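First up is the structure itself, then whatever we jot down about it.
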Amino acid sequence: MSITGDSLNPINELITANNVDLNNCDREQVQYPGSIQPHGFMIVLQEATYQIVQVSSNVSELLGIPPNHLLGQPLAKLLDPLQADSIARNLAKEAFQGAPHHLARLTLAGREFDVLVHRIEASLILEFELRPLAAQVSDTNKNLFPAVHQAISKMSIAPSLQSFFDQAAAQVKSFTGYDRVMVYKFMDDGSGWVCSEALSEGLEPFLGLHYPPTDIPLPARRLFSLTWVRHQPDIGYRPVRMVPELNPMSGRPLDMSYASLRSVSVMYVDYLKNMGTHSSLVMTLMREGKLWGLIACHHHSGPKYVPYEIRGACEILAHMLSLLMSARESEEQADFSLSLKSRHSAFVAAAVSRGDYAIASDTDASTLLQLVRATGAAAFVNGQITCVGQTPETRQILEIITWLNTQPKQAVFSTDCLSSYFPSAQSFAANCAGLIVLCFNNPQNDSFLWFRPEILQTVNWAGDPNKPVDLSDDGQRLMPRTSFALWQETVRWKSEPWLELELAAVKELRNSLLDLVLRKAEEFGRLYQNLKLSYSELDAFAYAASHDLKEPLRGIHAYAEMLLEESAEKLDPASLAKLESVRRLSARMDQLINSLLAYSRIGRESLLNEEVDLNTVLAEALDSLSELSRQRPATIGIMPNLPSFRGDRQRILEVFTNLISNALKYNDKSDRIIEIGVRSIGPSGVPLLFVRDNGIGIPEHHHEDIFRIFHRLHAKDAFGGGNGAGLTIVRKIIDLHGGRIWIESKLSEGTAFLFSFGPLQAGLESE
Ligand code: ADP
């Protein structure tokens with residue numbers, strides 16, 4: 001395959017070494033450099049006539065022949081007749097498509113050359129690579145076959161993909177003698193990652209570094225997929241121009257996609273120089289016909305020439321490596337998938353045996369975490385959050401859940417850039433840039449969440465991403481290293497992407513746990529129905545009982561009064577005291593029955609849903625308590641401009657009257673202070689209200705008891721007395737509104753009642 005017209009950029013501007021910069025390097029036509037590297041010369045023959053149509057200008061230095069003397073001439077002008085004849089015969093035999101073939105080794109002008117040939121379009125390209133002096137070729141290269149054989153057998157027994165790469169890097173290093181050999185993997189976004197490295201002593205390791213996609217732009221990646229090995233013996237070379245510059249047959253620079261002497265992009269040369277590299281050899285790694293990565297060899301101690309036969313051996317290695325690697329990677333993927341399945345089964349088995357899928361143990365936690373190789377996970381079950389690993393704060397997790405509930409329902413939500421959906425996630429991207437949420441879609445909004453941090457926080461950068469843009473010496477061209485800054489923009493707020501395999505594992509987990517959810521929902525439903533029935537029966541009973549009790553009680557009270565009025569003088573003092581007790585106790589019992597009646601009435605009568613202005617409700621409550629506040633004076637502070645909300649005004653008034661009267665009563669300070677107001681307002685507009693006093697306080701272990709009917713913490717006459725039904729009625733009214741009430745209190749310092757008349761946003765309770 002050749003890269004020709006179809007790869008020209010759409011705006012028809014030929015971007016070559018002459019006009020490339022960082023903005024257009026992804027469109028540079030690197031296959032048309034118009035020049036070669038100087039460790040050889042190039043002759044282009046017209047296929048039909050075998051006449052020389054282009055020649056590299058260094059023929060004059062290497063052979064002492066001016067380029068013009070060769071143009072339009074046959075090969076024999078350059079070679080002796082025997083050589084020319086043998087080459088012509090060979091050329092006629094084969095197509096020589098694709099990568100260059102080694103045709104011959106011959107001596108010209110007293111120097112040895114390897115002759116490589118390949119065909120492109122209507123041209124035959126002959127490359128004459130200058131062989132190094134024997135002394136420059138290291139000993140390791142002498143016995144190539146055993147060396148290749150040994151390298152392949154070592155790689156094939158490597159126990160894991162990582163050790164396989166490590167072996168490959170070590171083998172290529174000993175093979176070529178390069179200072180640094182890196183196995184470089186392309187990621188989905190075109191960026192690269194050094195996954196293995198063999199290194200000479202004293203060099204700075206690049207292992208684990210990430211490189212932005214601009215470092216190896218698309219045209220270069222395309223050429224990598226065409227040829228297995230590319231070599232730049234001396235990065236500091238001066239390019240040798242082709243004469244003439246344009247190929248006479250095509251009318252444009254020669255297509256050097258496959259040429260071994262091809263001059264490389266100036267951007268690439270700058271790039272290698274920046275890394276302190278003097279020579280490079282790059283091999284392609286392919287997987288299933290696609291570019292997977294590279295083996296990049298860099299030499300830091302000076303130029304290094306690798307002769308053709310060693311490059312040939314490297315090519316075999318790259319082929320073998322690609323094949324073995326594909327098999328290894330598939331194997332590892334299968335292993336990963338298997339281990340996901342076993343974690344999945346372990347979690348499901350534990351959940352089923354417990355009848356509950358919340359995280360209940362450390363094993364559950366680590367199983368959940370490893371299910372998708374997340375750095376953190378959380379389970380939100382029945383309004384409770386359990387976290388494991390590196391997660392956002394509970395408050396932030398609740399924000400995510402609340403936001404997700406406003407989105408169209410889905411079973412599994414996943415992203416590697418949460419802030420592109422939910423901008424405030426930027427503030428916790430260090431813990432959660434990538435997110436998977438498994439939603440059970442049940443009424444409690446139970447869900448599992450997995451988090452991955454922002455990639456900027458996790459990767460090692462090959463260079464300083466904050467470095468300002470540099471200009472090269474001539475002030476014209478951007479240096480390739482500055483591309484980090486550009487890429488930093490593109491990966492900001494993103495995490496490593498989730499694998500398909502991982503998303504599939506989450507979906508599978510959901511399916512397996514759904515059964516459990518359904519069972520639980522059914523169970524809840526049954527319980528709820530039973531409870532509803534018991535409550536309404538209880539209400540009916542309390543109403544009937546208290547109603548029926550009132551009648552005889554009224555009789556007892558009336559008779560006791562009558563006796564006291566009519567026969568007081570006839571009775572001895574002891575009988576008189578007993579009769580007094582009957583009157584007092586029957587009056588008290590009447591009060592209790594009234595409270596019980598009031599309580600049961602709340603459940604029987606339906607709740608109104610009207611606009612309630614809190615300011616007027618409070619004014620009315622204080623008005624009705626004027627007698628009590630005259631006896632127990634207090635400073636009552638009410639926040640200005642209290643909001644309105646929907647509810648049953650009369651009942652809400654009852655709640656405030658009750659709480660304020662308690663705040664007045666249970667206070668032994670000389671300067672009683674009561675504060676009333678709104679602590680916060682949730683997104684649904686439901687205010688969290690408070691009534692706070694500086695009174696006697698309530699011990700923590702009684703925070704629940706005091707809401708039980710007829711439950712008092714003090715003697716009935718202490719603090720102005722009470723029958724212990726007030727807070728029970730308060731709680732019932734609040735429950736009926738779908739709200740909550742709870743206490744914050746310190747003994748001798750005071751008590752705050754916090755409450756709402758509607759569901760609060762989860763999380764506000766803990767503020
Ligand atoms: P009561 O009619 O006895 O006041 P409640 O149901 O209103 O009944 O309150 C139950 C008990 O809770 C009270 O007996 C009191 O001991 C305690 N209590 C209620 N409010 C306060 C408060 N603001 N400070 C201290 N204790 C309180």
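For ligands, and for the atoms within them, numbers begin at 1 and follow the listed sequence. Owing to the predicted nature of the structure, the values given are computational and were not obtained by experimental measurement.
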**Message:** Check whether Trp742 forms a cation-pi arrangement with Arg740 (NZ or CZ under 6.0 Å from the six-membered ring centre, at most 45° off the ring normal).
**Reply:** yes
**Residue shell around ligand 1, heavy atom under 4.0 angstrom** = Asn662, Lys665, Tyr666, Asp693, Ile696, Gly697, Ile698, Ile706, His711, Arg712, Leu713, His714, Gly722, Asn723, Gly724, Ala725, Gly726, Leu727, Thr751, Phe753
**Asked** Which pairs count as side chain to side chain donor-acceptor pair (under 3.5 Å) when at least one residue sits in residues 641-658, sequence neighbours excluded?
**Response** Glu605-Arg651, Asn609-Arg646, Glu611-Arg646, Thr616-Arg649, Glu620-Arg649
**Item:** Residue pair Asn723 / Gln591, side-chain donor-acceptor N/O under 3.5 Å
**Value:** no
**Message:** Is the distance from the ring center of Phe645 to that of Phe757 below 6.0 Å?
**Reply:** yes
**Item:** Polar contact flag, side-chain donor to acceptor under 3.5 angstrom, Tyr357-Asp446
**Value:** yes
**Prompt:** Do Ser575 and Asp572 meet the criterion of a side-chain donor-acceptor pair at a distance under 3.5 Å?
**Reply:** yes
